[in-house]
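Please read all numbers here as calculations on a predicted model, not as lab measurements. The chain is numbered in sequence order, starting from 1. Values below: all heavy atoms of this structure, side chains included; hydrogens, waters and symmetry mates excluded.
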Amino acid sequence: MNSQFKVTHTIRVYESEWAMKLDALIQRVQDLYRNKNDFLVVLLKLGYESYIAAEKTANGSADKPASVSMLNVMGRDEGTIKELGAQIDELSTYMTTQFRHMNVNQSLYRRILSSVYNMMLAQIGGKMPPPEQVEQGFFDDLPARFEKIIVNLEKQYGLKT
């Protein structure tokens, strides 16, 4: 039985262009390494050593805190960060708009389902609802027992106090 503790890490690469370059490199060297993991460990070690060397060069010593910006090491600059911020703002605006559309649709679905539910109760009770009343919204109200369920759930999830 192996008594050594094994540390593992998972890395996700979200930049598709960089991921494709990495995949191409892995394909080129696949015969030189036992498996992809062994190659990636070597690549990480090389990157680590390069980073430490850049740190030493920038600071004159490894004892000082790093002045090598992680953003620069990752190939990012201030313009890219501003661009990412603008994209996040745009995404936030889009998602807010979509959320509002979803609320409109959900409100409509709630009224439709309430209407159908209330009409079915009326029919079960032997009263056929007049079409004029249905169209005027007489059956659109959420039944009281469902309203109580919604209020309790909203309290449970901290949506309303």
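Taking 4.5 Å as the limit, every side-chain heavy atom of Glu90 sits out of range of all side-chain heavy atoms of Tyr94.
Within the structure, the salt bridge (charged side-chain N to carboxylate O under 4.0 Å, His left out) test picks out no pair touching residues 132-147 (sequence neighbours left out). Applying the side-chain hydrogen bond (donor to acceptor under 3.5 Å, both in side chains) test to every pair with at least one member in residues 99-111, sequence neighbours left out, gives no pairs at all.
The salt bridge (Lys or Arg N to Asp or Glu O under 4.0 Å) test applied to Lys36 returns no partner, not counting sequence neighbours. Among residues two or more places apart in sequence or in another chain, the side-chain contact (heavy atoms from CB on, under 4.5 Å) test is passed with Asn35 by Asn37, Asp38. In this structure Phe139 satisfies the ring pair (Phe, Tyr, Trp, His ring centres under 6.0 Å) test with no other residue, sequence neighbours excluded. Partners of Ser16 by side-chain contact (heavy atoms from CB on, under 4.5 Å), not counting sequence neighbours: none found. Residues meeting the side-chain contact (heavy atoms from CB on, under 4.5 Å) test with Met120, sequence neighbours left out: Val116, Gln123. Judged as a side-chain contact (heavy atoms from CB on, under 4.5 Å), and not counting sequence neighbours, the contacts of Tyr157 are Leu153, Leu159. For Phe138, the ring pair (Phe, Tyr, Trp, His ring centres under 6.0 Å) test picks out no residue, with sequence neighbours left out.
Residue Tyr48 is grouped with residue Tyr51 when hydrophobic side chains (ILVMFWY) are merged at heavy-atom distances under 4.5 angstrom, including chains of intermediate members.
When hydrophobic side chains of Ile, Leu, Val, Met, Phe, Trp and Tyr are connected at separations under 4.5 Å, Phe99 ends up clustered with Met102. Think of Met128 as one node in a network of Ile, Leu, Val, Met, Phe, Trp and Tyr side chains linked at under 4.5 Å; it has no links at all. Cluster note: Leu32 groups with Ile11, Val13, Trp18, Leu22, Leu25, Ile26, Val29, Tyr33, Phe39, Leu40, Val42, Leu43, Leu44, Leu46 through ILVMFWY side-chain heavy atoms spaced under 4.5 Å, whether in direct contact or through intervening members.
To the nearest 0.5 Å, atoms CZ (Arg12) and OG1 (Thr10) are separated by 6.0 Å. Here the straight-line distance linking atom CG of Leu121 with atom NZ of Lys127 works out to 10.5 Å at 0.5 Å rounding.
Under the 4.0 Å criterion applied to side-chain N and carboxylate O atoms, Lys21 and Glu17 are assigned as salt-bridge partners.
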